[in-house]
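Questions regarding the structure given below will be posed in turn.
None of these values were measured; they are calculated from a predicted model. FYI, the numbering just counts along the sequence from 1.
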Amino acid sequence: MKRTLISLLLVLPLCLMAKTKDDSKYLAGAVPEVDGQIVFSKSFRVQDKATAEIHDVLASWANGLVEASIEAPGNYARIMEDSESQIVARACEWMVFKKKALNLDRARFRYQLEVNLDGDRVTLSASSLAYYYGEDMQGENGQIYKAEEWISDSEALNKAQTKLYPKSDKFRRRTVDRMESLFNSAMDAFAEPETETTQQVVRKGIIED
């Protein structure tokens, strides 16, 4: 009996360690700031395409984000600017934290996206991030939280910067993941069929910085 108990005590810490989440992706530096504003950015080059071609692909991609947007006050989701060297769009989408039969936990997530073109180089940036959370069934009486006040390092991490505060934990995680998938989708817009006989697609000529 003693041996069994000792074995269990030795195994228990290992089990607890196995269940511990790796939060390194979401800790210090995961949410970048520029002059006090949260700005996610990504740059890459597109080889063998003229700037006009690159613009057309990304303009279609940005329009897709706007068209897929959900309702937001003030006609928020729209193309703000579309020139040869820059596209500015605003999008609003659901950020879902938990979805069960009797428990739907979500926020309206909005952001401004800038696409800057310089030859074959593309620079993407997302700023003015905000969340409308806690609304009722009619979509009212919620609260607006600006990202700077909610998911920044100073607001979302403990002093040692080793843990996420529970109040903004899910917002920070989902935002970091969404920005990563958003920028990946921009690069995926240049994907083409690998061959005529397969549906598998690959990014063509993308060089990430």
Side-chain angles (χ1 to χ4, degrees), residues 21-34 36-44 58-80 87-115 123-158 161-189:
K21 291 185 291 186
D22 179 9
D23 282 341
S24 57
K25 177 182 177 181
Y26 307 103
L27 297 180
V31 177
E33 294 185 44
V34 179
Q37 301 295 310
I38 290 176
V39 181
F40 287 86
S41 61
K42 176 72 178 180
S43 61
F44 58 90
L58 292 173
S60 177
W61 170 75
N63 271 287
L65 291 173
V66 171
E67 290 173 3
S69 289
I70 60 175
E71 291 185 13
N75 188 29
Y76 183 86
R78 62 190 187 276
I79 299 295
M80 304 287 291
I87 302 164
V88 181
R90 287 180 174 176
C92 185
E93 57 195 45
W94 289 118
M95 178 173 282
V96 180
F97 307 115
K98 186 180 294 185
K99 186 177 182 180
K100 292 185 179 180
L102 298 176
N103 185 4
L104 177 58
D105 185 16
R106 65 184 183 180
R108 294 177 190 262
F109 174 50
R110 66 189 190 192
Y111 55 90
Q112 179 168 298
L113 176 72
E114 288 191 18
V115 181
T123 303
L124 306 173
S125 61
S127 60
S128 301
L129 283 67
Y131 317 87
Y132 182 65
Y133 185 60
E135 63 187 84
D136 56 28
M137 295 294 291
Q138 288 71 44
E140 300 175 348
N141 299 313
Q143 295 290 325
I144 294 178
Y145 300 95
K146 292 183 178 180
E148 289 78 11
E149 303 167 345
W150 203 242
I151 67 166
S152 62
D153 284 2
S154 60
E155 296 296 329
L157 300 179
N158 64 353
Q161 298 191 322
T162 56
K163 292 182 180 179
L164 298 169
Y165 286 136
K167 69 169 187 175
S168 54
D169 179 308
K170 60 187 178 184
F171 291 88
R172 185 171 169 110
R173 290 176 189 275
R174 289 289 191 276
T175 303
V176 170
D177 289 344
R178 177 53 183 144
M179 291 296 103
E180 181 179 15
S181 68
L182 179 69
F183 295 152
N184 278 331
S185 72
M187 293 184 287
D188 286 341

Pairwise distance CE(M179) to OG(S125) - rounded to 0.5 angstrom: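 Answer rounded to 0.5 Å: 10.5 Å.
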4.5 Å side-chain heavy-atom contact, L124 and F40: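 A side-chain contact is absent here, since even the closest heavy-atom pair is not under 4.5 Å.
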From OG (S128) to CD (E114), nearest 0.5 Å: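 So the gap between those two atoms works out to 8.5 Å.
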Non-hydrogen atoms of L157 and Y165 that approach each other most closely: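 Scanning both residues completely, I find the closest heavy atoms to be O-CE1, 3.1 Å.
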4.5 Å side-chain heavy-atom contact, I151 and V176: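 The answer is no; the side chains never approach within 4.5 Å.
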Flag for Y111-E93: side-chain donor and acceptor within less than 3.5 Å: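 Checked: E93/Y111 side chains pair up, N/O donor to acceptor below 3.5 Å.
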For the student: nearest non-hydrogen atoms of R172 and A28, plus distance: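 Answer, listing the atom of R172 first, then A28: NH2-N, 4.2 Å.
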Over all atoms of both residues, closest heavy-atom pair of L58 and I87: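 For L58 and I87, the tightest heavy-atom pair comes out as C-CD1, 4.0 Å.
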NZ-NZ distance between K170 and K98, expressed to the nearest 0.5 angstrom: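 One finds 7.5 Å between NZ of K170 and NZ of K98.
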T175-Y131 side chain donor-acceptor pair, cut-off 3.5 Å: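 Checked: T175/Y131 side chains pair up, N/O donor to acceptor below 3.5 Å.
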Which atom of Y76 lies closest to which atom of Q112, heavy atoms considered: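 For Y76 and Q112, the tightest heavy-atom pair comes out as OH-N, 3.8 Å.
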Under 3.5 Å donor-acceptor, R108 side chain and E71 backbone: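 Yes, because the side chain of R108 sits within donor-acceptor range (under 3.5 Å) of the backbone of E71.
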Approximate separation, where rounding is to 0.5 Å, of E155 CD and S168 OG: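 Spacing of CD (E155) from OG (S168) equals 8.0 Å.
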Within 6.0 Å of NZ in K167, more than 12 heavy atoms from elsewhere: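 Enclosed.
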Over all atoms of both residues, closest heavy-atom pair of E135 and Y132: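 That would be OE1-CD2, 3.5 Å.
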Euclidean distance, R90 CZ relative to R110 CZ, rounded to 0.5 Å: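 Taking CZ in R110 and CZ in R90, the distance rounds to 8.5 Å.
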Short N-O contact, R173 and D177, less than 4.0 angstrom: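 No, R173 and D177 are not salt-bridged.
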Test of ring centre spacing under 6.0 Å for Y133 and F171: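 Close enough - the centres of the two rings lie under 6.0 Å apart.
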Within 6.0 angstrom of K146 NZ, more than 12 heavy atoms from elsewhere: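 No, because the 6.0 Å sphere around NZ of K146 holds 12 heavy atoms or fewer from other groups.
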Heavy-atom pair with the smallest gap, counting every atom of Y26 and L164: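 In this case the closest contact between Y26 and L164 is O-CD2, 3.6 Å.
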Distance (rounded to the nearest 0.5 Å) between S154 OG and E33 CD: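 S154 atom OG to E33 atom CD measures 6.0 Å (nearest 0.5 Å).
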